[in-house]
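See below for the structure under consideration.
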There are 2 protein chains.
Amino acid sequence: MIQTRAIRLFTERGYDATTVTDVAEAAGVSPMTVYRHFPTKEDLVLIDQHGMLVAEQIAATPAAQPLVRRIGSALIEAVTTLTGDRHGGDLTANEQFLLARLRLMISTPALRAKHLDNHYALQQAIVGAIIDEGSDTDAAFHAHAAASACLAAMHTALVRWAEDDGRSELPDLIAKALAAAFGDDVVAVASE
Amino acid sequence: MIQTRAIRLFTERGYDATTVTDVAEAAGVSPMTVYRHFPTKEDLVLIDQHGMLVAEQIAATPAAQPLVRRIGSALIEAVTTLTGDRHGGDLTANEQFLLARLRLMISTPALRAKHLDNHYALQQAIVGAIIDEGSDTDAAFHAHAAASACLAAMHTALVRWAEDDGRSELPDLIAKALAAAFGDDVVAVASE
DNA sequence: ACCGCAATGGTAGTGACTACCAAGTCGGTA
DNA sequence: TACCGACTTGGTAGTCACTACCATTGCGGT
């Protein structure tokens, strides 16, 4: 509720030009109630309830597959469940909300920076899910590089999605970005 | 000068626990002089004078090579000129300064976020250097994915470098991270 | 001695965010 | 009905990053 109003205000007037007090008034609460629910102004846009189950999904993946494929398919699956299946029809309300958030995140420096940092945290979680305690540092290094590159590809896909107004299916875009970054053969199977 | 004092203070007391006024006093100037030279507190750590010539370097690279190799070798070259050649000897003063900055950047959320966003800006510049005005959107999409993944690999290398106290050569680490992300064959030639 | 200009400092304000405390609301219990 | 404790909300006052506007100082050139 507060979040919905906030994103509408941010979209209309701009993020920086909107104060937290504005958001509070629009939502009919006091500024401190806003801070109670959203620790920072940025979190009004960035907090997602969906959590980061990606890491768990990856841990459940057969370890024999190449890292890029394991991570890539987990990302695609997470996004698929997030946006839901829609084949050619209109955007769902959820997707429109995601698009609005995404546009804010990409165009506002402060939000973009924190969003990239969230990806960074996700990367740590992914590597934690892949790597055992005892494994050598080289393995961790490889896992970090692979996870980092996969998330970067995903971010590229998100930007593209926002640019084409959500016309493309997000999972397909992620698969394409992964293929562009790593070569078609490596990722081809990931999108199934 | 101001920057040196600032990084020392941040390292000793922590970034958040140090106010801009503290930095100003330590440098013997007024707070506003600090803001004159560094538009934000974060820039006290993040501003690098070295600029982003990477994009220009890439534009000068033969276009026939695969994107990943073009971007990767440019990154390695940029870092080599930044840290200088040192084969097994002690760390140079410059490298020690870079390490201190890097540790702050990695461990402080606000700095890490802005640092990742700087990489993002670099990515935009790289893609701008690679892609002509008229080229189709798919080409741009591929370039973004490749650049994004390369920068992510570079960041991983930076973290590893900070963790091993600069013992490794940074260019080698970047080459290894690229190889881990993209496969050895793709990048092998990039480090020469 | 004078002028122009760059760098510096002061003042007052805005806005994000915190700490501490007060008050209302609501479910269960005697 | 009266009471109690937990949860949620609101108020006050303060810190700190950052800005806008203006005054001052130092310094090289004429």
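Please read these numbers as outputs of a predicted model, since none were measured by experiment. In what follows, every chain begins at residue 1, and chains take the letters A, B, ... in the order their sequences are listed.
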Is there a side-chain contact (heavy atoms from CB on, under 4.5 Å) between B:Leu98 and B:Leu82? Walk through the geometry before answering. CA-CA 10 Å; B:Leu98 287 176; B:Leu82 181 61; 4.1 Å; yes
Enter the distance from A:His142:NE2 to A:Ile130:CD1 here, rounded to the nearest 0.5 Å. 12.5 Å
Looking at A:His37, I'd like to know whether one of its side-chain N or O atoms comes within less than 4.0 Å of OP1 or OP2 on D:dT9. yes
In whole angstrom, give the distance that lies between atom CG of B:Asp16 and atom P of C:dT18. 11 Å
From CE of B:Met1 over to P of C:dA7, roughly how many Å is that when rounded to an integer? 18 Å
Looking at side-chain heavy atoms only, is the closest gap between A:Trp161 and A:Arg167 below 4.5 Å? no
Check every atom of C:dG9, D:dG10, C:dA16 against the side chain of A:Ser30 and return the nucleotide holding the closest atom. D:dG10
Residue mapping more 5' on DNA chain C - nearest nucleotide basis, A:Met32 or A:Val20: A:Val20
Does C:dT8 have its OP1 or OP2 closer than 4.0 Å to a side-chain nitrogen or oxygen of B:Thr33? no
Across the strands shown, which category fits A:Thr40 at heavy-atom distances under 4.0 angstrom: base, sugar-phosphate, nothing? sugar-phosphate
Can you identify which nucleotide, out of C:dA16, D:dC18, C:dG9, has its nearest atom closest to the A:Lys41 side chain? C:dA16
Is B:Pro39 touching bases, backbone alone, or none of the nucleic acid, heavy atoms closer than 4.0 Å? sugar-phosphate
What is the distance from CG of A:Asp22 to C1' of C:dG15, rounded to the nearest Å? 11 Å
How are the rings of B:His155 and B:His119 set to each other: parallel, tilted or perpendicular (split at 30° and 60°)? perpendicular
Without decimals, in angstroms, what is the distance between B:Leu44 CG and D:dC16 C1'? 14 Å
Send over the distance from A:Glu25 CD to D:dT9 P, rounded to a whole Å. 17 Å
If you assign each of B:Glu42 and B:Arg36 to its closest nucleotide in DNA chain D, which residue comes earlier from the 5' end? B:Glu42
What is the distance, to the nearest angstrom, from the CZ atom on B:Phe38 to the P atom on D:dA17? 15 Å
Sole residue of B:Arg8, B:Arg13, B:Lys41 in salt bridge (charged side-chain N to carboxylate O under 4.0 Å, His left out) with B:Asp22: B:Arg13
Nucleotide nearest B:Tyr35 when distance is taken to its side chain, options D:dT19, C:dT8, C:dT11: D:dT19
